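Before any comments, here is the structure.
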There are 2 protein chains.
Amino acid sequence: MDIKIKNRLEARAKIFKALAHPSRVLIVEELADGERCVCDLTEKVGADISTVSKHLSVMKNAGLVLDEKRANQVFYRLRMPCILKFFDCVETVLEDLKNE
Amino acid sequence: MDIKIKNRLEARAKIFKALAHPSRVLIVEELADGERCVCDLTEKVGADISTVSKHLSVMKNAGLVLDEKRANQVFYRLRMPCILKFFDCVETVLEDLKNE
DNA sequence: CAGGTATTTGGCAAAATAGCCAAACAGACA
DNA sequence: TGTCTGTTTGGCTATTTTGCCAAATACCTG
């Protein structure tokens, strides 16, 4: 397969991968309301802080979130508002599945 | 965490997982043009037909595609047109990343 | 029914991902 | 500087995912 096409497919898949975990979905939902520090997200997710930090790193690496250090806290926020529209679509899919 | 919330997060993550692989991204792109038989998709993807069949099974299980057997071929098609809007959004994300 | 094509399934090995702990780091502030 | 808080990184094991082959299945056609 053409290397260029392959790269494009991998780039797209990387973004979906960054969303393909329940904790990361929760993180996106939280960030939809505005920025959050790692500590807030850790509490919500209910996992070890190192685990949450690694999730955030995956999401940052995929371009889904931005981070900003202020004092000794790091705040994350959604980089792409359109991500939220994904979620509406997913909701539609799920509703549709329920009505079978 | 509330079991209900957990189920919702997992349901959403399942859909993203079904998109989180380069071959499956390619399959969605192909199906955007209309239904395809497994043999067509196998040729495009360039993997073993059993591999492609398993990818399709993941996607079907997540509710992304529908299958229909006609004669001795199985045709797959996108179940949710809004999935394609996902892709537009992803494209925006990628463009944005490029311009850094 | 026999043989052919198209697809799915079982099984296994390789690769990728997840999650915890402990250790390292960074910044604030006495 | 020493210590405290918040975060990231390294390292390890456990789990999940991927992809091939071989075998099973489904349907058509002679």
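All values derive from a computational prediction rather than experimental measurement. To find a chain, count down the sequence lines: A is the first, B the second, and so on, and within it residues start at 1.
Comparing C:dG19, C:dT17, D:dT7 by their closest approach to the side chain of A:K17 singles out C:dT17. The side chain of A:D48 lies closest to C:dC21 when the candidates are D:dC27, C:dC21, D:dG11. Of the candidates D:dT17, D:dG6, C:dT8, C:dT8 carries the atom nearest the B:V74 side chain, counting heavy atoms from C-beta on. When each of D:dG19, C:dG19, C:dT8 is scored by its nearest atom to the side-chain atoms of B:H55, the top-ranked nucleotide is D:dG19. The side chain of B:V38 approaches C:dT8 more closely than any other nucleotide in the set C:dT8, C:dG27, D:dC20.
For A:N61 and C:dA18, the CG to P distance is 13 Å, given to the nearest whole Å. Taking atom CG of B:L56 as the reference point, atom P of C:dA6 lies 16 Å away to the nearest angstrom. At whole-Å resolution of the value, CG in A:L26 and P in C:dG19 are 12 Å apart. When rounded to the nearest whole Å, the span between CD1 of A:I49 and C1' of D:dT9 equals 13 Å. The nearest whole Å value for the distance from the CG atom in B:D40 to the C1' atom in C:dA6 is 12 Å. What separates CZ of A:F16 from C1' of C:dT17 is a distance of 19 Å, to the nearest Å. In this structure, A:R70 places its CZ atom 17 Å from C1' of D:dT5, rounding to the nearest Å. Spacing between atom CD of A:E68 and atom P of D:dT7 amounts to 13 Å, rounded to whole angstrom units.
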>> With side chain to side chain contact (heavy atoms under 4.5 Å, CB included) as the criterion, how do B:C37 and B:D40 come out once you've worked through the C-alpha distance, each side chain's angles and the decisive distance to 0.1 Å?
In response: CA-CA 5 Å; B:C37 68; B:D40 286 344; 3.6 Å; yes
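Within 4.0 Å of A:R24, counting heavy atoms only, lie sugar-phosphate atoms of the nucleic acid but no base atom. Using a 4.0 Å heavy-atom criterion, one finds that B:Y76 contacts the sugar-phosphate atoms exclusively.
Mapped onto DNA chain C by nearest heavy atom, A:V58 and B:D67 fall at different nucleotides, with B:D67 at the one closer to the 5' end. Take the nearest nucleotide of DNA chain D for A:K69 and for A:S50: the residue whose nucleotide is more 5' is A:K69.
Between A:D96 and B:R79 there is a salt bridge, since a side-chain N of the basic residue sits under 4.0 Å from a carboxylate O of the acidic one. Under a 4.0 Å N-O distance rule, the pair B:R70/B:E35 qualifies as a salt bridge. Contact check on A:R8 versus B:E29 returns a salt bridge, with a Lys/Arg side-chain nitrogen under 4.0 Å from an Asp/Glu carboxylate oxygen.
A sub-4.0 Å separation between OP1 or OP2 of C:dA16 and a side-chain N or O of B:H21 is absent. For the pair B:S53 and C:dT8, the criterion of a side-chain N or O lying under 4.0 Å from OP1 or OP2 is met. Not one side-chain nitrogen or oxygen of B:T51 sits closer than 4.0 Å to the OP1 or OP2 atom of D:dT18.
Contact annotation: the side chain of A:L78 never approaches that of A:L64 to less than 4.5 Å [non-hydrogen atoms, C-beta and beyond].
Donor-acceptor pairing under 3.5 Å, judged by distance alone, is present between the side chain of B:K54 and the base of C:dG10.
Taking the six-membered ring for Trp and thresholds of 30 and 60 degrees, B:F16 and A:F16 have nearly parallel ring planes, at less than 30 degrees apart.
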